[in-house]
Number of protein chains: 2
Amino acid sequence: MKSCSSNTYHLFFRNLANPLRIDIISLLKEKTMSVTELSKKLNLEQSKISHALSSMKNCNVVESKQNGKQRIYSLNKKTITPILKIIDKHKCRFCKEEIK
Amino acid sequence: MKSCSSNTYHLFFRNLANPLRIDIISLLKEKTMSVTELSKKLNLEQSKISHALSSMKNCNVVESKQNGKQRIYSLNKKTITPILKIIDKHKCRFCKEEIK
DNA sequence: AAGATATATGAATAATATTTCATATGAAAT
DNA sequence: ATTTCATATGAAATATTATTCATATATCTT
């Protein structure tokens with residue numbers, strides 16, 4: 001299979017290089033959720049969640065479907081789950097940088 | 001296998017969320033290289049390459065071995081290659097954001 | 001159609017990451 | 001032990017990205 005351009009890889013990783021977006025992924029691994037549901041679980045204001053979901057959707061990391069007034073978000077498990085599994089196996093103990 | 005913490009995923013992705021670091025990965029996919037070699041190929045100043053390699057090494061994305069005055073960097077293919085392959089298959093056409 | 005709820009969006013501000021440049025370190029050669 | 005070449009590092013300047021808040025849009029209910 002042909003490789004993506006560097007730019008594409010960069011865009012993809014950039015999307016995931018954010019603690020909130022990772023938290024959202026963790027929740028969506030379990031089940032699909034609406035914006036308000038995510039907002040409550042993470043105790044963060046709605047617009048912040050919406051902004052995060054918006055970039056993730058742009059990059060096909062999540063999908064959404066309308067359900068009445070709500071928009072239900074789901075994870076693109078085909079792509080995301082195997083990547084996370086590879087990282088689980090990766091020796092991340094060498095990631096020395098701290099996050100406050 | 002046990003999942004990493006959100007923080008660990010974040011640190012890992014953050015490391016790859018950078019165009020220069022992706023360019024370095026692309027070169028190291030082919031063969032191992034010294035800092036100067038990378039610097040010449042990418043036509044960028046040495047300290048920039050060194051900074052980039054430094055964070056990648058922290059996160060175990062690359063390794064280095066000393067060779068005389070040179071330090072030869074190699075890619076952690078075990079982790080990186082399969083992740084890039086998954087992204088190759090991912091529908092990245094949805095990554096709409098532009099990069100200047 | 002007016003009100004209520006759910007979500008999205010734009011833009012200013014705040015936070016974070018990268019670049020640059022000067023300099024330090026380290027290894028080899030003379 | 002001094003010079004040279006290769007690489008690393010620190011810190012200020014710059015660029016990029018996220019957060020916030022005000023507001024817009026869209027759907028449902030009455």
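Small disclaimer: the values here were computed from a predicted structure and weren't measured. Below, chain A is the first sequence line, B the second, and so on; all start at residue 1.
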Could you walk me through whether S64(A) and K57(A) pass side-chain hydrogen bond (donor to acceptor under 3.5 Å, both in side chains), step by step?
CA-CA 8 Å; S64(A) 72; K57(A) 196 177 176 186; 2.8 Å; yes
Using whole Å, report how far [atom1] of [X] lies from [atom2] of [N].
X	N	atom1	atom2	value
R14(A)	dT18(C)	CZ	C1'	14 Å
L20(A)	dT17(D)	CG	P	16 Å
R21(A)	dT17(D)	CZ	P	10 Å
L42(A)	dT19(D)	CG	C1'	15 Å
N67(B)	dG26(C)	CG	P	18 Å
E45(B)	dA22(C)	CD	C1'	11 Å
N15(B)	dA17(C)	CG	C1'	12 Å

Anything under 3.5 Å between a protein N or O and an N or O of nucleotides 4-10 of chain C, put it in a table, one pair a line.
{"unit_1": "dT7(C)", "atom_1": "OP1", "unit_2": "V35(A)", "atom_2": "N", "d": "3.3"}
{"unit_1": "dT7(C)", "atom_1": "OP1", "unit_2": "R71(A)", "atom_2": "N", "d": "3.1"}
{"unit_1": "dT7(C)", "atom_1": "OP2", "unit_2": "T36(A)", "atom_2": "N", "d": "2.7"}
{"unit_1": "dT7(C)", "atom_1": "OP2", "unit_2": "T36(A)", "atom_2": "OG1", "d": "2.0"}
{"unit_1": "dA8(C)", "atom_1": "OP1", "unit_2": "R71(A)", "atom_2": "NH1", "d": "3.3"}
{"unit_1": "dA8(C)", "atom_1": "OP1", "unit_2": "Y73(A)", "atom_2": "OH", "d": "2.6"}
{"unit_1": "dA8(C)", "atom_1": "OP2", "unit_2": "S50(A)", "atom_2": "OG", "d": "2.9"}
{"unit_1": "dA8(C)", "atom_1": "N7", "unit_2": "Q46(A)", "atom_2": "NE2", "d": "2.6"}
{"unit_1": "dA8(C)", "atom_1": "N6", "unit_2": "Q46(A)", "atom_2": "OE1", "d": "3.3"}
{"unit_1": "dG10(C)", "atom_1": "O6", "unit_2": "H51(A)", "atom_2": "NE2", "d": "2.5"}

Contact summary for L28(A) and L38(A), nearest pair of heavy atoms
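The answer is CD2-CD2, 4.2 Å.
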Looking at E37(B) and T32(B), what are the two nearest heavy atoms and their distance?
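Nearest heavy atoms, E37(B) then T32(B): OE1-O, 4.4 Å.
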Donor + acceptor pair across side chains of S6(B), D23(A) (<3.5 Å)
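A pair is found: one side chain offers a donor N or O, the other an acceptor, under 3.5 Å apart.
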Taking atom types as modelled, is there a side-chain donor on S50(A) or S47(A) under 3.5 Å from an acceptor on the other?
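Distance-only check fails for S50(A) and S47(A).
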Would you please confirm or rule out a distance under 4.0 Å between OP1 or OP2 of dT17(D) and any side-chain N or O of N18(A)?
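Answer is no, no contact under 4.0 Å.
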Neighbour count >12 (heavy atoms, 6.0 Å) for atom CD, E63(A):
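Result for CD/E63(A): open.
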State the pairing partner of dT30(C); accept Watson-Crick or G-U wobble contacts with both distances under 3.5 Å, and report none otherwise.
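Base partner found: dA1(D).
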